[in-house]
There are 2 protein chains.
Amino acid sequence: MTVSNVVNGNRGRVSPATAARVERAIADLGYVPNAAAQSLAARRTRLVGLLLPTGSDDASLLASPHDVAVTGAVEAALRHRDHHLMLRGVGTARQVQDSVRRWSLDGVVLMGFTDDEVGALALPAGLPAVVVDATAGGPVAHVRSDDRAGGLLAGEHLTGLGHTRLLICGPTETTSRVVSERVEGFRTAAGDRVQVVAAQTTYDDGVVLGTRLAPAVRAGDLTAIFATADILAAGVIRGLTDHGLRVPEDVSVLGYDDADLARYVTPRLSTIAQDTTRKGQVAAELLLELITGEATEPRSELIDVALTARESTGPAPA
Amino acid sequence: MTVSNVVNGNRGRVSPATAARVERAIADLGYVPNAAAQSLAARRTRLVGLLLPTGSDDASLLASPHDVAVTGAVEAALRHRDHHLMLRGVGTARQVQDSVRRWSLDGVVLMGFTDDEVGALALPAGLPAVVVDATAGGPVAHVRSDDRAGGLLAGEHLTGLGHTRLLICGPTETTSRVVSERVEGFRTAAGDRVQVVAAQTTYDDGVVLGTRLAPAVRAGDLTAIFATADILAAGVIRGLTDHGLRVPEDVSVLGYDDADLARYVTPRLSTIAQDTTRKGQVAAELLLELITGEATEPRSELIDVALTARESTGPAPA
DNA sequence: CTGAAAGCGCTAACAC
DNA sequence: GTGTTAGCGCTTTCAG
């Protein structure tokens with residue numbers, strides 16, 4: 001019917017009078033179009049998937065505060081453009097298929113995967129996709145913070161405070177360009193003597209690491225620690241302070257993300273802030289322009305970072 | 001075709017031999033059924049919506065750590081039963097329609113709404129639904145922690161430590177039976193002299209409240225504070241300690257939820273723990289049994305609570 | 001136990 | 001401008 005044209009905003013193919021008449025009827029009848037039927041006929045679902053890694057235990061979806069913040073922003077941005085979000089934990093390429101093809105998703109955003117994992121997921125070729133915080137995935141869009149700049153900022157902040165015995169910790173053993181660029185930026189500013197220590201991005205791993213590092217700090221061999229995530233930094237501080245060390249008097253600790261928890265912990269975390277809301281918005285935009293065809297080639301965007309100095313960093317001890 | 005029967009596990013209507021043949025073909029061809037077509041023909045989508053309130057700003061979906069944890073558990077439980085989750089922020093009844101009817105959702109779970117808000121959302125009658133942490137919504141299933149028991153536990157813990165000048169804070173001005181039951185339980189254990197102070201469930205509101213309460217603490221008029229959420233308790237502690245008070249030496253602070261952040265803050269939060277993973281699982285179960293028709297009547301379930309004593313509570317000052 | 005036929009609600013060509 | 005015609009990919013009666 002002509003109705004379809006009205007519903008789809010195909011003005012110009014219908015007289016204003018008729019359009020008005022149809023719209024009134026729609027309102028009166030409380031008509032809501034059926035998405036399944038629309039999908040089937042139009043090969044467009046207005047559905048996008050947010051794919052996250054399923055950890056070993058099941059509640060671990062959204063374990064990272066950073067991912068949570070981005071997720072909220074993605075949903076909002078999508079909603080404002082009349083799209084819906086399907087939240088799905090995936091671990092295998094098969095599960096990706098199960099979601100993407102089964103629901104004919106218009107596109108997907110991937111978050112929380114390492115470069116290797118993204119590759120293993122084998123995204124269907126041609127599917128509009130944006131990967132957050134990784135750089136693999138083939139011809140897809142990417143969003144991440146300006147990690148080199150973030151590392152640089154971190155290094156400058158710490159060396160500016162007089163620190164010379166520095167350490168950076170994070171998931172350095174994974175295939176993550178994000179991490180390697182932060183390390184690289186940090187080294188550019190802080191010199192090659194920077195130690196690199198592998199740690200998972202969890203609070204508990206931070207505590208363990210802090211405990212392990214305590215002797216070196218006490219011996220004066222280490223005065224500043226840069227963690228690639230706030231949650232890790234928070235754990236490190238705990239491990240350190242539990243062993244009688246003072247932050248920042250004995251040792252400075254710098255985080256990354258400026259998650260909410262940065263303000264919750266004591267001392268309040270100095271951190272490299274990235275605008276996660278913006279990150280989510282950009283991810284949605286990049287995906288939408290791929291879906292609508294506005295963009296032919298997937299773009300990539302770097303989110304600006306800034307130093308937020310709070311209480312966990314201070315001058316190097318004398 | 002016969003194929004449909006195989007795919008739908010309609011054994012008994014097809015010979016084992018044929019079934020095997022079909023399954024091999026499916027595997028070989030990499031066939032994935034089309035959800036839209038299935039929905040259209042079978043009036044069953046295997047899609048459930050998780051509806052959350054859209055705050056004023058857009059990133060605030062999932063602002064509460066508690067909600068995040070439950071969300072992860074719901075997604076996992078649904079996934080294990082071959083259902084998918086649609087994450088959607090809603091503020092008006094119209095938006096609910098837009099999601100529920102448009103996508104023919106098999107069911108919805110509502111979380112983060114007050115009783116009034118749930119009512120205003122006007123869930124379509126007959127739609128399988130479970131509301132988390134509220135009690136309104138008509139004939140739908142409910143999941144919440146055993147709030148009376150939680151309040152009681154809190155009161156007993158604090159009075160057991162010798163506290164007699166107590167205060168409870170939380171969103172007491174909203175239409176939330178959850179909050180009123182916690183208050184009631186607390187009063188049962190701690191007596192009627194308990195002060196009640198309204199506060200939103202945010203860190204910043206906690207800080208403000210802590211600041212406001214500092215004089216009373218210093219004067220010895222208040223020695224223990226029970227907050228209806230960890231994040232609020234964390235803020236209160238900050239407000240207090242920023243004004244030179246010591247927790248728990250000068251004043252005890254008790255939280256609710258046992259969110260991750262309870263371990264991050266200093267001092268570590270004593271709190272009423274509820275198993276959010278279980279909560280999400282139960283929510284999914286309750287919904288699924290309504291969807292499948294296993295259950296005719298919506299049930300409600302209370303999640304057990306337990307006291308987790310850490311460092312933020314201690315004996316009443318002398 | 002297996003196949004044929006109709007239709008779920010909508011869009012998109014194409015005539016009128 | 002407006003109505004008509006086929007399907008989109010599947011499930012489901014209902015005959016073979």
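Hydrogens, waters and symmetry mates are skipped; everything else that's a heavy atom, side chains included, is used. So you know, we letter chains A, B, ... as the sequences are listed, proteins then strands, and number each from 1. Here the structure is a predicted model, which is why all the values come from computation and not from measurement.
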K.L.:
Rounded to whole angstroms, how far apart are CZ on R46(B) and C1' on dT11(D)?
P.N.:
13 Å
K.L.:
Is there a donor-acceptor pair closer than 3.5 Å between any side-chain N or O of D106(A) and the backbone N or O of I291(A)?
P.N.:
no
K.L.:
Within a strict 4.5 Å, meaning less than it, do heavy atoms of the V48(B) and L85(B) side chains meet?
P.N.:
yes
K.L.:
Ignoring the backbone of R43(A), work out which of dC8(D), dT11(D), dC10(C) is nearest its side chain.
P.N.:
dC8(D)
K.L.:
Out of D304(B), D133(B), D257(B), which residue meets the salt bridge (charged side-chain N to carboxylate O under 4.0 Å, His left out) rule with K279(B)?
P.N.:
D133(B)
K.L.:
Whole-Å distance between dC8(C) P and R101(B) CZ?
P.N.:
17 Å
K.L.:
Could you check which of dC8(C), dC8(D), dA12(C) has an atom nearest any side-chain atom of L40(A)?
P.N.:
dC8(D)
K.L.:
Whole angstroms only, please: what is the CZ-P distance between R102(B) and dG9(C)?
P.N.:
17 Å
K.L.:
Counting just side-chain N and O atoms, does Q38(B) come under 4.0 Å of either OP1 or OP2 of dT11(D)?
P.N.:
yes
K.L.:
Checking contacts here: which listed nucleotide (dG9(D), dT11(D), dC10(C)) is nearest the side-chain heavy atoms of N34(A)?
P.N.:
dC10(C)
K.L.:
Specify the residue among R21(B) and A41(B) whose closest nucleotide of DNA chain C lies further upstream toward the 5′ end.
P.N.:
R21(B)
K.L.:
I need the CH2-P distance between W103(A) and dC8(D), as an integer number of Å.
P.N.:
21 Å
K.L.:
Verify, without hydrogens or angle tests, whether E181(A) (side chain) and R177(A) (backbone) share a donor-acceptor contact under 3.5 angstrom.
P.N.:
no
